[in-house]
Amino acid sequence: MDQLNNFLSPPAAPRDFGFFVDGKWQSGHDFFVRHSPGHGVAVTRTAKCSVDDLNAAVAAARRAFEDRRWSGLPGGSRASVLLRVAEILRTRRDELAYWETLENGKPIAQARGEIDHCIACFEVGAGAARLLHGDSFNSLGDGLFGMVLREPIGVVGLITPWNFPFLILCERVPFILASGCTMVVKPSEVTSATTLILAEVLAEAGLPDGVYNVITGSGRTIGQAMSEHPDIDMLSFTGSTAVGRSCVHAAADSNFKKLGLELGGKNPIIVFADSDLEDAADGAAFGISFNTGQCCVSSSRLIVERSVAREFEALLAEKMKRIRVGDPLDETTQVGAITTEAQNTTILDYIAKGKTEGAELVTGGTAIDLGRGQYIAPTLFSGVSREMAIARDEIFGPVLCSMTFDTVEQAVELANDTVYGLAASVWTKNIDKALTVTRRVRAGRFWVNTMMAGGPEMPLGGFKQSGWGREAGMYGVEEYTQVKSVHVEIGKRTHWIS
Ligand code: NAD
């Protein structure tokens with residue numbers, strides 16, 4: 001790949017990608033052409049795979065699983081491959097960040113930070129491969145010994161969304177590989193490039209053929225066929241709650257495959273009057289604007305103590321106005337483009353709805369014209385009531401709704417008034433309030449006086465309609481295993497037939 005300086009403009013022509021089955025690149029017959037949301041120019045062409053291509057990939061993953069070419073290795077050997085992946089990713093960091101930025105529209109500096117997180121995922125996955133273990137029962141009496149084995153679940157289907165194409169991939173792949181499973185991955189049709197580049201990296205690191213396969217295609221054909229596939233043992237799906245629900249139906253109607261579901265969120269940020277308001281305002285601005293609010297864990301509901309609400313909103317609005325929205329390839333950009341035209345329309349429609357529902361627009365609320373691409377200003381609505389659509393629906397954009405509370409009870413009740421339970425944060429210097437809120441709000445990820453902090457050691461996942469199961473860390477590896485109870489008789493059997 002060229003030097004970093006050549007990365008800072010879109011490519012002269014779109015890059016072509018094949019798809020990857022059984023360790024070999026295949027070419028497509030028909031293609032998706034992806035235009036950079038920040039520049040409006042064609043940047044990649046990826047194959048529109050068929051269901052036959054998918055079946056071939058599942059068969060390859062099945063063969064690779066059944067002959068134990070991967071699961072039969074010692075955990076230490078699997079760990080060595082994962083550590084080599086981390087090393088190669090380090091050398092290809094700028095290239096990966098470049099394609100991620102072009103397809104997704106996120107700022108290049110942010111994309112590089114995400115690749116660093118992905119490298120850490122492979123390092124943690126390597127540790128997990130060595131540490132994965134079962135259990136034993138030495139308590140069943142002198143005549144019986146019990147062991148609990150953890151075995152890889154088999155062939156995993158992995159479906160990922162467009163908001164963090166590489167990061168979400170890497171919060172799963174090392175842990176699936178650590179467990180000994182094989183897989184077929186289907187990235188979002190608009191952001192497939194880095195998932196395909198990972199195939200090159202894994203092969204170079206020594207992953208056996210057939211263990212990691214990539215099929216590119218639409219959700220309606222390939223995604224649906226994966227969730228119905230009788231030979232996929234587990235499906236890890238990350239995306240919208242609506243499609244997650246269809247995966248549940250498809251699994252029930254096919255082979256009862258195990259599901260890991262990471263779905264939507266409408267995440268509260270609770271700000272008490274006794275917090276450091278400057279810190280909390282910075283956290284709130286970051287929480288709704290990072291990745292243009294297209295994060296499952298974006299803090300989109302501000303629940304602020306009434307006595308400081310006006311002061312806090314003013315502080316927050318002033319910070320939001322200073323966020324640098326711009327060309328994703330510009331090193332100084334903090335917030336880039338909206339990833340798809342459809343999402344851009346959805347966000348602008350919600351902003352219009354907020355105004356007609358009677359919420360007060362404090363800042364933002366408009367598209368930003370940079371001459372090319374699609375951009376929206378970080379937006380704050382005040383005086384929002386809980387029935388409004390902007391307070392209830394996951395907008396998946398930089399739109400923050402502010403509501404007020406007077407007591408801890410009210411704050412907790414408002415925070416829990418959603419079908420989702422993905423993430424939450426609380427800002428206070430009072431330890432009792434911090435712990436009470438942390439324990440009572442139903443969410444899979446919680447931040448106290450910080451926002452979106454963490455690493456791949458910690459599990460990820462949601463309560464309620466935000467999903468099932470956990471990804472990353474030891475919890476994540478265990479999701480991709482089955483538990484087998486083994487009973488061993490010691491000594492002479494007591495006979496049933498006398
Ligand atoms: P989406 O549900 O439209 O698509 C996600 C993936 O599913 C894509 O690869 C898509 O092609 C595929 N898909 C679409 N229809 C399918 C079907 N019928 N069967 C199987 N697969 C299908 O979501 P999106 O628009 O790409 O992403 C945004 C959503 O993802 C938001 O709701 C967001 O909250 C959620 N998300 C959740 C997490 C999390 O960790 N909880 C992370 C990122 C995104």
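The analysis underlying the following values was restricted to heavy atoms, covering all of them including side chains, and did not include hydrogens, waters or symmetry mates. Counting convention: from 1, in listed order, for ligands and their atoms alike.
- Residue contacts with ligand 1 include Phe237, since one of its heavy atoms falls under 4.0 Å from the ligand.
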Review point. Can you check side-chain hydrogen bond (donor to acceptor under 3.5 Å, both in side chains) on Tyr350 and Asp393, steps first, answer last?
Key: CA-CA 9 Å; Tyr350 269 109; Asp393 301 350; 2.6 Å; yes
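- Here Val297 has no heavy atoms under 4.0 Å from ligand 1, in either its backbone or its side chain.
- The shortest contact between atom 36 (N) of ligand 1 and any protein heavy atom is with Cys296 CB, 3.6 Å.
- Salt bridge Glu114/Lys106: present, at least one basic N to carboxylate O contact under 4.0 Å.
- Of the polar atoms of Ser240, at least one N or O is found under 3.5 Å from an N or O of ligand 1, judged by distance alone.
- Near Ile168, meaning under 4.0 Å from one of its heavy atoms, ligand 1 places the atoms 42 (C), 43 (C).
- A salt bridge between Glu200 and Arg92 is present, with a side-chain N of the basic residue lying under 4.0 Å from a carboxylate O of the acidic one.
- Near Ile159, meaning under 4.0 Å from any of its heavy atoms, are these atoms of ligand 1: 6 (C), 7 (O), 9 (O), 12 (C), 20 (C), 21 (N).
- Of the polar atoms of Gln224, at least one N or O is found under 3.5 Å from an N or O of ligand 1, judged by distance alone.
- Using a 4.0 Å threshold on non-hydrogen atoms, atom 32 (O) of ligand 1 counts as touching the protein.
- The aromatic ring centroids of Trp70 and Tyr212 lie 6.0 Å or more from each other.
- Nearest residue to atom 21 (N) of ligand 1 from Gly217, Pro187, Gly223, Pro161 is Gly223 (criterion: closest heavy atom).
- The shortest N/O to N/O separation between Thr160 and ligand 1 falls below 3.5 Å.
- Where the criterion is an N or O separation shorter than 3.5 Å, residue side chain and backbone included, Glu394 meets it with respect to ligand 1.
- Atom 44 (C) of ligand 1 has its closest protein heavy atom at Asn163 ND2, 3.3 Å.
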